[in-house]
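Report on the following structure.
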There are 2 protein chains.
Amino acid sequence: MRLTHQREEILSFLRSRRAHFNATEIYDAVRARIPNISLGTVYRNLGKLVEDGEIITVETENRSIYYDGYIAPHTHFVCNGCGHIYDFEDEEHSFKPIKDQGFTINKQRTVLYGICTECNKKNKK
Amino acid sequence: MRLTHQREEILSFLRSRRAHFNATEIYDAVRARIPNISLGTVYRNLGKLVEDGEIITVETENRSIYYDGYIAPHTHFVCNGCGHIYDFEDEEHSFKPIKDQGFTINKQRTVLYGICTECNKKNKK
DNA sequence: CTCCTTATCAGTAATAATTCCTATTACTAT
DNA sequence: ATAGTAATAGGAATTATTACTGATAAGGAG
């Protein structure tokens, strides 16, 4: 995998921010540094970076896929009030019964939905 | 919420099969019984049924949303070999640290990805 | 440093999934 | 029966993502 300028910018953007972005948001952010980058390039590189394990995807009930430069296993919380995605430590999961049946687990995703602390405070007022 | 013929057929189809279907598959299945039902109607009713808690959605790394008539909390396993989605019991999760911070959790989704027992067997041959 | 191969690029067209719109029909309560 | 509301079929529109094409540039060999 060649380390192109475009790929470098996309990866460093995702690594520099502990947040979750969809392809369009990444496109807009990277365009500030590479004005004529195309959306197709963003998608292609995001795909390659995921394949390579440099970043991960977060699938939620929202329509678009979010990309995350923080790749250690963790749980996501989507706030249905403000839409923000929060990171939390994973609780212990062994998935032993599943593995014992002969299933190979390569990837694990947990997404919680609800209302975050901030939005809960606002609602009380 | 009116229990229309269309809504009834969609719901009973999902309840009768312990499997996971996307909107097009449900459309095709229900069309066998209501030939002139429209895809828009299928989507609208799926949305209402989800809102009402009669069915749940499963978001995966595949592009389309899957709908599930089995609403008790459970974990999904997506096989990257055959594409089949399996159901498993949830392990115990308290999410206590998250709740203690003032977050309200309304919904929890865990999706595992890997290779199922059947596909593992086939690969060995 | 220069050449060469080939992955990658920008730009654009195509596809797929989902949502929206409009005229019409069905149900409910008066 | 009538008015008012909710749901429908059918199709158009939107959104997210992928595929295609000729041009460009990354990285290795000499």
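Reminder, nothing fancy here: chain letters follow the sequence lines and each chain counts from 1. No hydrogens, no waters, no symmetry mates; every other heavy atom, side chains included, goes into these values.
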Inset, instruction - Provide, to the nearest angstrom, the distance between the CG atom belonging to A:Asn36 and the P atom belonging to C:dA10. - result: 6 Å
Legend entry - Ring centroid separation A:Phe103 to B:Phe77 under 6.0 Å: yes
Legend entry - Distance under 6.0 Å and angle within 45° of ring axis: A:Arg109 vs B:Tyr113: no
Inset, instruction - Report yes if a side-chain nitrogen or oxygen of B:Ser38 is closer than 4.0 Å to either non-bridging phosphate oxygen (OP1 or OP2) of D:dG10; otherwise report no. - result: no
Inset, instruction - Give me the ring orientation class for B:His20 and B:His76: parallel if the planes are under 30° apart, tilted from 30 to 60°, perpendicular past 60°. - result: perpendicular
Inset, instruction - Rounded to the nearest angstrom, tell me the gap between atom CZ in B:Arg31 and atom P in D:dG10. - result: 10 Å
Inset, instruction - For the pair B:Tyr86 and B:His84, name the ring-plane relationship: parallel under 30°, tilted 30 to 60°, perpendicular over 60°. - result: perpendicular
Inset, instruction - Determine, stepwise, if the pair A:Tyr27 / A:Tyr43 fulfils ring pair (Phe, Tyr, Trp, His ring centres under 6.0 Å). - result: CA-CA 9 Å; A:Tyr27 176 52; A:Tyr43 270 106; 9.0 Å; no
Inset, instruction - List in chain and number order the residues that pass salt bridge (Lys or Arg N to Asp or Glu O under 4.0 Å) with A:Arg31, two or more places apart in sequence or in another chain; answer none if no residue qualifies. - result: A:Asp28
Legend entry - Nucleotide of D:dG27, D:dA9, C:dC27 approaching A:Leu3 most closely (side-chain heavy atoms): D:dG27
Legend entry - Strand contacts (DNA chain C) in residues 42-68 of chain B, 4.0 angstrom heavy-atom criterion: B:Tyr43, B:Arg63, B:Ser64, B:Ile65
Legend entry - Pairing of B:Glu61 and A:Lys107 as salt bridge, 4.0 angstrom limit: yes
Legend entry - Of residues 6-29 of chain B, the positions that come close to DNA chain C - non-hydrogen atoms, cut-off under 4.0 Å: none
Inset, instruction - Using whole Å, report how far NE2 of A:His5 lies from C1' of D:dA25. - result: 12 Å
Inset, instruction - With heavy atoms under 4.0 Å as the rule, sort A:Thr41 into base, sugar-phosphate or nothing. - result: base
Inset, instruction - Please report the shortest heavy-atom distance between A:Gly53 and A:Ile71, naming the atom on each side. - result: O-CD1, 3.5 Å
Inset, instruction - Calculate the interatomic distance between A:Ile37 atom CD1 and D:dA25 atom P; express it in whole Å. - result: 14 Å
